[in-house]
Amino acid sequence: MNAGIRIENLSKKYGNVQALKSINLDINSGELFGLIGPDGAGKTTLFRLLATLLLPDVGSAQMCDIDIVGGYKQIRNLLGYMPGKFSLYQDLSVIENLEFFATVFDTRIEDNMDMIHDIWVQIEPFKDRLAGNLSGGMKQKLALCCALIHQPKVLLLDEPTTGVDAVSRSEFWQMLKSLKSKGITIVVATPYMDEANLCERVALIKDGEILQVNTPQEIVGQFERNLYTIKSEDNYQSLLDLREFEFTNSVFLFGQSLHYTDVRKEFSLEEVNSYLKHKGRLHLEIEQIKPGIEDCFMALSTKNDGHE
Amino acid sequence: MDMNSDVKVIKVKNLCKKFGDFTANDNLSFEVSKGEIFGFLGANGAGKTTAIKILCGLSYPSSGEISVAGFDVYKQREQLKRNIGYMSQKFSLYEDLTVFENIRFYGGIYGLSKEVIHSKADDLLKKLDLQHARNKRISSLPLGWKQKLAFSVAIFHDPEIVFLDEPTGGVDPVTRRQFWDLIYEASRQGITIFVTTHYMDEAEYCDRVSIMVDGKIEALDTPAKLKEDFNAEDMDQVFLALARKAINIE
Amino acid sequence: MNRFFGFLKKEFYHIFRDKRSMLILFGMPIVQIMLFGYVINTDLKDVKMAVLDHSKDEYTAEMINKITSSGYFQLIDNLESIDEADAVFRKGDVKLILVFEPDFGKKLIKDSKGSIQILTDASDPNMANLEVSYLQGILQNYNIEINKEKQMGTAIQAKSRMYFNSNLESVFMFVPGIMATILMLVSAMMTSISIAREKELGTMEILLVSPLNPLQIILGKVTPYLALSFINALVIVGMGYFVFGVPVLGSFVLLMAESILFIFLALSIGIFISTVAKSQQVAMMLSMFVLMLPTIILSGFIFPIRNMPLPLQVISNIIPPKWFIVILKNIMLKGVGFEYVWKETLILLAMTMGFIGLSLKKFKIRLQ
């Protein structure tokens, strides 16, 4: 069965706000696909359209070759959906939540154990605890179990890792990888740029528009300029200094250093070095590095802003 | 933070906070210097929020000696509150008031005169390039602007220390950096920054970082030193190493 | 069917685990009925009255005696002239003045007709109204009494409005009112809040995305409250009967059938509210202001409808509890059968159909 998603020219408007602007996107069957963008980019709107919760203003989309508007009833049987907030019943226990969602889909937990087994073993020790008393990471795992209980073909996860600590986040991605091996198409929305590398392909999305769709490697490979990291004894001062520098294309704080691009294709690093030295910076270290997804996102989004 | 680094604006010694049998903060001790950017990290439920509430004078510790901005958290809570600023991702500005009405309201809370509020508001809006939005409702602004404005409002009364509770959650990477620009600038003016975040790269922007695990501070140093100690490439690995340890103990 | 029972199970978990809803469900009816029965008892006792007797014959003397011996009224003053009335009321002690026309007794015998004027201090209009009603009740009884002895009927000009409640016990009137209020509260408010809660927590999104259809979701939400409301109706009637001795003169089955109809109506209003409200808070506010206040104020439960200004009297017709209260009073206190309440029943039925239709139309299969 083709469990892919095809999105054509999809637009959605709320009042005066254009939440999605003519989105075109193809997600392959069995793919682990990332939708990367900040809050307000339109990720949730896109998910709700795909989950048949909203109707598009313009455009169309098919999931498993079924139209999301006309075939919403069929899609609802094939879809596992985890909304932004972990939508669990806080006053029901872990097992009661799971049982409820199983009956909603007219199935039983036992019949689907193979699907959720790996995740279930992690929360089983707490099965009689009320969902409201679980930690963020545990809630997230339970919500995932509930979304998988009817063996969906497509899984839509809206910011499953937001507000969850780093350990739970990395465990969560491990689970998604093992789910992928079962042939489910997984679409994950996340505001964390670093999670892009865990997906097979990603779409970078901002202000209702897709900036780019590709594998993380390709996106990084398409970075247009050479990227340099600059360290000094006072990074913030270097940042201010470089903003004044006539050849600066972009300069951003990045962890313990700055990421810098130059407007020129050919230039000598020594020039930048001596400029900063002249400004009084000490212990300068300048190196060329490979860009990350975040560099690409920022480059693409500032470029876009420039056009407007 | 250079020349002021010997002035300690936050002094915490043996802070303990218990809720019944549960120890939320287990014997915390640390100091924060004037103008320092202090990262306060920890997994969900590690006890960060509990500690921040105590430092802001919103709840009493079970035991320990704590002074913030030179004021004792037991006896001088009112003075303490007057000398700190607070901003969180959840609560920042009133959505149904305009930009200026919000500024005026917060200025008024801290007893600033009308003239001071007006002149400072003009400066602030100019700096943020928001003059055109002066009379717009907060709800009509993009998230990034709101966050920047919320921060500026939190330091509007020139507090000694500003507490930032996950200030950049969900904000796009460019805006996040603009936000950190503001933080650095405030720090240069001598305002101490006490910040929590889930973004590990932001931990690297801090002068020093503490990592809390299960109510205890398990690590406290500069990011560079922590990475060295844990033989890690970035703060993410440091954090994971510490947090995983906690889970294994459980 | 499995799906439906799964849903029901979940709903009962919600209800039984939430102390607040348990309190509203089972504490409320008992507290309310006790409150109205005992505390806010507007029964009259020793209302201070004065008499201006222009006739001073045996009839007036006997009537005054009847009135004062009823325990409701206490005679503290005899006036000589109508001019004193104003001053007596201003002093504040006297709440009511009874004026007999000159030659009252003679006219009663000769013309079979005697006139009495009742003056009340209407600064508390409800009490004044109640006093007049009680007084008229007593006069009516007296009228019946004297007519027994005579061949030809006489008439004291006073109409009894308390005909169906001859003991004049106010708690009788409160039971139907409380019944309407509680059933409205439990059914409409609780369902609307419970649906709004799912929206607020985001679980509604998952339910909508699941293969459940709107009718299944609505039925699953409504059934537990239908059952609980029915139990409530039984509790209220039972408490009225056993604690306050309020009779059910008419058919008990009819009474319960009408109650179920009203519960259906309230539930459909609750669902309708939930289609409008996005959060529990909004649902609560809407239920409060759109349902509770009109139920209490405009349904005739506390304030008699006939005393309202005309616009409010007209509005009261669209308040569902008004019709339910009429039905309850008829069945419980008058003891009449379906042939006397079919009109009101039809109105409730039409309202129910209207709201169910509206809700089904508004209850979306999508979020927007």
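Worth saying up front: this structure is predicted, and the values here are computed from it rather than measured. Just the heavy atoms: all of them, side chains too, but no hydrogens, waters or symmetry mates, feed the values below. Reminder, nothing fancy here: chain letters follow the sequence lines and each chain counts from 1.
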Next on the checklist: Any salt bridge linking A/E99 with C/K10? Criterion: basic side-chain nitrogen under 4.0 Å from a carboxylate oxygen.
Outcome noted: no

For [X] versus [Y], what's the shortest heavy-atom pair and its separation?
X: C/R3; Y: A/V104; value: NE-O, 3.0 Å
X: C/L208; Y: A/L53; value: CB-CD2, 3.6 Å
X: A/D91; Y: C/H14; value: OD2-ND1, 2.7 Å

Going from [atom1] on [X] to [atom2] on [Y], what distance comes out if it is rounded to the nearest 0.5 angstrom?
X: A/S87; Y: C/E200; atom1: OG; atom2: CD; result: 12.0 Å
X: C/L201; Y: A/Y89; atom1: CG; atom2: OH; result: 8.5 Å
X: C/L207; Y: A/F101; atom1: CG; atom2: CZ; result: 6.0 Å
X: A/N97; Y: C/Y13; atom1: CG; atom2: OH; result: 11.0 Å
X: A/T44; Y: C/E205; atom1: OG1; atom2: CD; result: 8.5 Å
X: A/K73; Y: C/N213; atom1: NZ; atom2: CG; result: 7.0 Å

Checklist entry - What part of A/I75 lies closer than 4.5 angstrom to a heavy atom of chain C: side chain, backbone, both or neither? => result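 Neither part, no heavy atoms under 4.5 Å.
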
If you count heavy atoms of other groups shown closer than 6.0 angstrom to [atom1] of [X], is the number above 12?
X: C/Y241; atom1: OH; answer: no
X: C/K361; atom1: NZ; answer: no
X: C/M256; atom1: CE; answer: yes
X: C/M22; atom1: CE; answer: yes
X: C/M288; atom1: CE; answer: no

Checklist entry - By number, which residues in residues 215-233 of chain C have some heavy atom less than 4.5 Å away from chain A? => result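 Expected list: none.
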
Next on the checklist: Counting heavy-atom pairs closer than 4.5 Å to chain C, which one of A/L130, A/L88, A/L92 comes out on top?
Outcome noted: A/L92

Checklist entry - Which of the residues A/G80, A/A51, A/P83, A/A102 is involved in the greatest number of heavy-atom pairs with chain C at under 4.5 angstrom? => result A/P83

Checklist entry - Under a 4.5 Å heavy-atom cutoff, which of C/R197, C/E198, C/K9 has the most pairs with chain A? => result C/E198

Checklist entry - Restricting to pairs with a member in residues 114-130 of chain A, which pass side-chain hydrogen bond (donor to acceptor under 3.5 Å, both in side chains), not counting sequence neighbours? => result A/Q122-A/K141

Show me the donor-acceptor pairs within less than 3.5 Å that the side chains of residues 145-154 of chain A make with the rest of the protein, sequence neighbours left out.
from, atom 1, to, atom 2, distance (Å)
A/H150, NE2, A/L79, O, 2.7
A/Q151, NE2, A/N112, OD1, 3.0

Item to check | Residues forming a side chain to side chain contact (heavy atoms under 4.5 Å, CB included) with A/T103, sequence neighbours excluded | outcome: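 Side chain to side chain contact (heavy atoms under 4.5 Å, CB included) check on A/T103 returns A/F100.
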
